[in-house]
Structure formats: C-alpha cells, structure tokens
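Here is the structure we will look at, set down as structure tokens.
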There are 2 protein chains.
Amino acid sequence: MPEVAASRRVTSADIAKDVGVSRATVGFVLNSTPGKKISEATRARVLESAARLGYQPNRAAADLARGRSKIILLVLPDRLLGPSMQASLDEGARVLAEAGYALVTQPQARPLGGIPPLWETLGPDVVIGWTTFTPEEVMSMRAAGVRRIRPRPGESARYDQAPGVAEGARMQVDHLHELGHRRIAVAALNDPQMIELQRSRADAAMQRAEELGMETVALRSVDHRDGSSAEAVRIWHDDGVTAVVAYNDDVAATVAGAAIEAGLRVPQDLAVIGHDDSPIASLFVPPLSSIRMDTVEAARYLAAVALHEADGRPVTSTWTALDTRVVARRSTLG
Amino acid sequence: MPEVAASRRVTSADIAKDVGVSRATVGFVLNSTPGKKISEATRARVLESAARLGYQPNRAAADLARGRSKIILLVLPDRLLGPSMQASLDEGARVLAEAGYALVTQPQARPLGGIPPLWETLGPDVVIGWTTFTPEEVMSMRAAGVRRIRPRPGESARYDQAPGVAEGARMQVDHLHELGHRRIAVAALNDPQMIELQRSRADAAMQRAEELGMETVALRSVDHRDGSSAEAVRIWHDDGVTAVVAYNDDVAATVAGAAIEAGLRVPQDLAVIGHDDSPIASLFVPPLSSIRMDTVEAARYLAAVALHEADGRPVTSTWTALDTRVVARRSTLG
DNA sequence: TTGAAAGCGCTACCAT
DNA sequence: ATGGTAGCGCTTTCAA
C-alpha cells in the first residue's frame, strides 16, 4: 500500500511556482486588483493552475495583511428567526458574498453569561444590529477593533421609518376596518428584546385606527403562561372590542386561544390578526390572518448598507417600500 | 475642542513596551503557555497592563501564526432552531468559549445558491453537522483546510443511538399506551432535511409499540398545505386508530387541526402527541402534549466532542441519557 | 525566567 | 505588464 503524503495546503506560492510567475502576480489576478494590468494569457494560466491545484486562500493571512476580516456580523434577536427572515438572510448573504464578505449571525443580542460576543472573537468589519446597542456593547466592539456599527451609536433604530414596519401595522388595521370593526385592541408580547419594534408597530396601528375614526383601547401585553391573555380577552370583550391587532402570530395565537377557551367564537365574537405569517398562523385552528412581508428586498438593502459601511461603496438599492400584504384567513373572515 | 487622535489598536508590543518585557513574554502570560515559567510578578504586571490598555489579541495574526482558527462551525437545519435548541447552543458556546473556541452556526445545510458555505470563508478547525455531509461537502471542507468533521464522512449520524432520540419516541408511545390506546399511527413531515432524524424517531416509536403489543398503521407524511393531513386523519379514523404519534409539534398541530376541521374531537376521537415542546404546543387549542428534552446536556457533550476533535483533549462528559419527559396536555388527556 | 528572531501566507507599495 | 519585498501581529523554538 502506497504511503499517502500528508499534503500541505496549497498556497499562492505553489501557484506562482507552478505557473512560473511571482506570488505578487498571482495575488493580483486572484484578487482582480484594480489598476493592475495582467495579460489575459497569464491571468488564464494562473486561474487554471489555482483551480487545478485546488487553491483556497488562507483567510488568516489575508485578513492580517489586509487589516480587515471581511466578516459582517449580524446580531439578531432570537424571535426574529422565522422562515421569512431566514430567506432574507440568504439573500443578504448572497449579496455580501459577491463582494467577498462573509455574513455571520449571532443569534442572541441579550447578555450572554460567560459567552464572549462574536464581535470580540471574530473581529468583524461591520456589526449590524436589529436594535440599538448599549454603550457597553459599543465600547466592547470598539475595543475589538470593529470599525463600523449599525445602527450608529446613539442613533435609534427608528423602526417606525423602516420599510414594512408601519405598513404592516396599518394593513392589519385597514383589514379589520374593511370588515366593519370599529373598536379594536392592540396586543403585545412581554418580551424586553422586542420593545422597540413592538412600540413602532403598536404606534402605527393606533395611529392608523385614529385616522380611520376607529376606537382603540389601551395596549395590553399577553402571555399564555399566566392568566394575562384570559384576562385581556375578558376585558376587551366586556369593553365592546370586536377585533384584536396582535404584534405577531404567537401573540395572535395566544389571544385567539384565550378567546376560544373563554367560549368566544373567533372571529364572530372576537377577530384576531397576527403579523409575519409564521407557521403557526396557518397551523392554528382557526387559521390566523396575518401580514406577509417580502423581507428579501429589505435584506438586500441591509446588505447594501453593510457594504457601504465596509467598503465605502455607495448604497445602490433604496429603502423602498416592501411588498407587504394581508393574508386573510378564518380568524378574521369567519 | 481637542483633536481626538485616531488611536491604533493596542498590540502585544504595546504591552511589552509598557511593562518593559519582550513580546514573547507577553505572549506567554496571555496564553498561559504551558511549560513556561513566568514569575508571578511579571505575570501580574502584564495582565494589569493588558487590562488597562484594553488589549484585544488580533485574531488574524494569532490564527496565522498558530495555523488554526479556533472556530468551530455548527451546521444546523433550519427547523431545529426551536427555543430549546437555542438554549443548548448557548450552553455549547459557553463550554467552547472556555477553551478559547468560538462557535459559529451556519443556518442552512441545504445547497445555498451562490453563497459559499461558511467553512470555506471562515476556515473553521472543526465542522459539526446535524446530519451526515455529502461527499461534495466533505471535499469542499477538506479543500478549505478543515481538519475535523463530524459526523465522520461515511459514518452515519446514527440518531437512533443519540441520547434522547429513541427515548422521546418511546415515551410518546408509552404515554399513549398508559392512556389505553391500542391502535396508533405515526405522522411524519415532508421534509428531506430531516429524513434521518424522522426515521429514527419513527422506528423507535414503531418498535416500542410492538413491544407493548400495540397495533400500528403505516407511517404517513402530512402537510397542512395540501389535503394530505385531512386524508390521513380520515384514513386513520376509519381504520380504528385512536392516537397519533407526531414527529414534532408542527406535525402534531397539523394532525390535530385536520382532525378538528373534520369534526373529530381531540383527544376523545383522536389523541395527538408531539415532540420538542415548542411554543406551538402550548399555544394550540387544545394544547398539545409533547416531549421535552434537556438538550443542554446534549450540547455539553457535543461541545466536548468538538474540543476532542480540535484539541485532541479527552471527551470528559459522557453520552448520557438526557432528561427527557412527557409534557401531558389536553391533546391526549382530554 | 526571559529574550531574540524566524516564520505563518498574503497584500500592496515601489521598482523595473 | 510583472516582480521584489516589506510588513501585518502573533506564536513558538532556541538561546541566553
């Protein structure tokens, strides 16, 4: 049996030797360095050699020489990881990959006992968060050499201006209005992580209701584990509320569930509409009306912003309105 | 207003200068290099200086010199990202962090159009997957310099032997048996990603049922989007099946929902038990019985395996049985 | 117990 | 159009 040589990884020097040029030239063609004129012939030979030898650039070496990691870190709250968000991330990753950046996500923004945040260990060029970072977090990032942070420190995330946020909430209200509801409630979730986004959606909903001349009752947080949802439903119903705008589909399910348990009919006695069109919306009985957003476009924009921060390249895409629409199901239609 | 100097990142050389020792010495104490005797005095001074100056080692440089990235990449199918899995990941990350490793997760194992897998861009020391990797993936990893891969190429993931997998399925069946059910069905999900795990759970359930002298009918996949769940429920009911073991809570919700839509009572006409105790289980009406596993212990074990692969250190923790138990709710209890 | 110095593989500046 | 080469910041062997 022939001895198998422990093969070293192939480096750019190997290619240089193989092709018969300098390592510099190899680097130029492999990075398609702008402003460098390489003859088509050598370019082709280098590329061919790289492919044949199975060359993979050494990230550590490149990072070190370059002074940047070409990593973009996305810090997401757990709850956001619905399927639609997942698809968006793919799209964002694709855009970034084309520019040579890797997208890494850190699932938790919350204080993680004992786990150093990924921005310390990975040294990303850019950190993008869904919510504003605390001063401590920003300091930690700065110390870790992170050059760019979004949302910018001190700058609010301003969800109310983000595409789709207000639209979705408005559409929830519009939908209920069209169905004839005139007195509605807004239901939120007891989750500190999401306060900003919740507030933005709730505000937008309230405002829209007012514009349409509808009556609203005070915002309530519900939790299926305590009695808060049952209590909320009772209060609402006694108060003449006929429909509920829920922060998301989990909240919608909680409310609808409490209503059903209380002997109310959904939607005849209480209609409920959720947000995000997550799996539970179609699995619930009755299926929950919800809002579906095309977050793919948002992800593209986010990626563009990231590249702007990282490379200084102009933001090409625009903060356009998302394709947002109501998915009407039996929790409002009967 | 005073000009703010654009401060360079602090390097180990800065510390060396500050303390008045060599960069090597600094490195020794910062890495607590074994076999090196550093006086307590200098050690303390170095540490103090590092803290005071806010030193953060440069990952790229360290990786390059060391020849390894100290990154462990976990490749997870999307569907697994339930809250319990999330908590487990935190635990795994914590264990790995203590050993100086960063845990990065790649959300999709599936072919990602145009997105280079993270193992190419990050150059992790170890890649851990939930399912077996394809030969192409393995080759790609090898080419990217990944030294360790789990499950080992060619080695099946062997979920049937993984802790908790068989237990959970068995407990589902036991639970139904105790409630007097004697003829049951097993419901799966139409998801290629999960085939291995589904099969393992289904096999375990079937086998347990046989051991208990219960009758089982053929495994069926359900999908709430087509008519398959309604059809399955009808067939099962006509066939005298009184209870269904579902692969997970989504499947359980699909089945229970179809049953309710068909005018059957859950659990009187058809009992359903899910698996994983995900949010939908408690949110559904009626709330779904399910299986809750303490995956934290599993995560610890996984982390230990990863460290073994990475460092060659012995696997301390053992592949123990997980704390797995039935969460009985109204979908089986009535 | 500590220091000097040789790389790690790549990038990018300066020559040619 | 291409090559030489000086680092990037850290790890680690070898000397002192």
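Predicted, not measured: the structure shown is a model, and the values here were computed from it. Numbered from 1 within each chain, the chains take letters A, B, ... in sequence-line order.
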Rounding to a whole Å, what distance do you find between A/R43:CZ and D/dT2:C1'? 13 Å

Mind calculating the distance between CZ (B/F28) and C1' (D/dC14) to the nearest angstrom? 10 Å

A/N31 or B/A65: which one's nearest nucleotide on DNA chain C is closer to the 5' end? B/A65

Round to the nearest Å and state the distance from B/N58 atom CG to C/dG9 atom C1'. 14 Å

When you measure from the side-chain N and O atoms of B/T25 to the phosphate of C/dG3, is any distance below 4.0 Å, counting only OP1 and OP2? yes

Side chains of B/Y101 and A/T121: does their closest heavy-atom pair fall under 4.5 Å? no

B/K70 NZ to D/dG9 P: how many Å, rounded? 21 Å

When you match A/G27 and B/A24 each to their closest nucleotide on DNA chain C, which lands nearer the 5' end? B/A24

Name the nucleic acid region contacted by B/D63, choosing base, sugar-phosphate or nothing; use a 4.0 angstrom heavy-atom cut-off, strictly under. nothing

At under 4.0 Å between heavy atoms, what does B/A62 touch on the DNA or RNA strands: base, sugar-phosphate, or nothing? sugar-phosphate

Nearest of C/dG9, D/dG4, C/dG3 to any side-chain atom of A/A61? C/dG9

Round to a whole Å and report the spacing from CG of A/L64 to P of C/dC8. 13 Å

Taking the side chain as every heavy atom from C-beta outward, state whether A/T42 and A/V29 have any atom pair closer than 4.5 Å. no

Keeping the roles fixed (side chain from B/E309, backbone from B/A306), state whether a donor-acceptor pair exists under 3.5 Å. no

When you check the phosphate oxygens OP1 and OP2 of D/dT2, does a side-chain N or O of A/T42 lie under 4.0 Å from one of them? yes

Out of C/dG9, C/dT2, D/dG4, which has the shortest distance to the side chain of A/T11? C/dG9

Roughly, in whole Å, what's the span from CG in B/L30 to P in D/dT12? 13 Å

Check whether any side-chain nitrogen or oxygen of B/T33 sits under 4.0 Å from OP1 or OP2 of D/dT12, and answer yes or no. no

What's the CZ-P distance between A/R66 and D/dC8, to the nearest Å? 16 Å

Within the 4.5 Å heavy-atom criterion, are B/V75 and B/V127 side-chain neighbours or not? yes

Any chance the side chains of B/D18 and B/S49 put a donor and an acceptor closer than 3.5 Å? yes

Does a nitrogen or oxygen in the side chain of B/S22 sit under 4.0 Å from OP1 or OP2 of C/dG3? yes

Whole angstroms only, please: what is the CD1-P distance between A/I15 and C/dT11? 11 Å

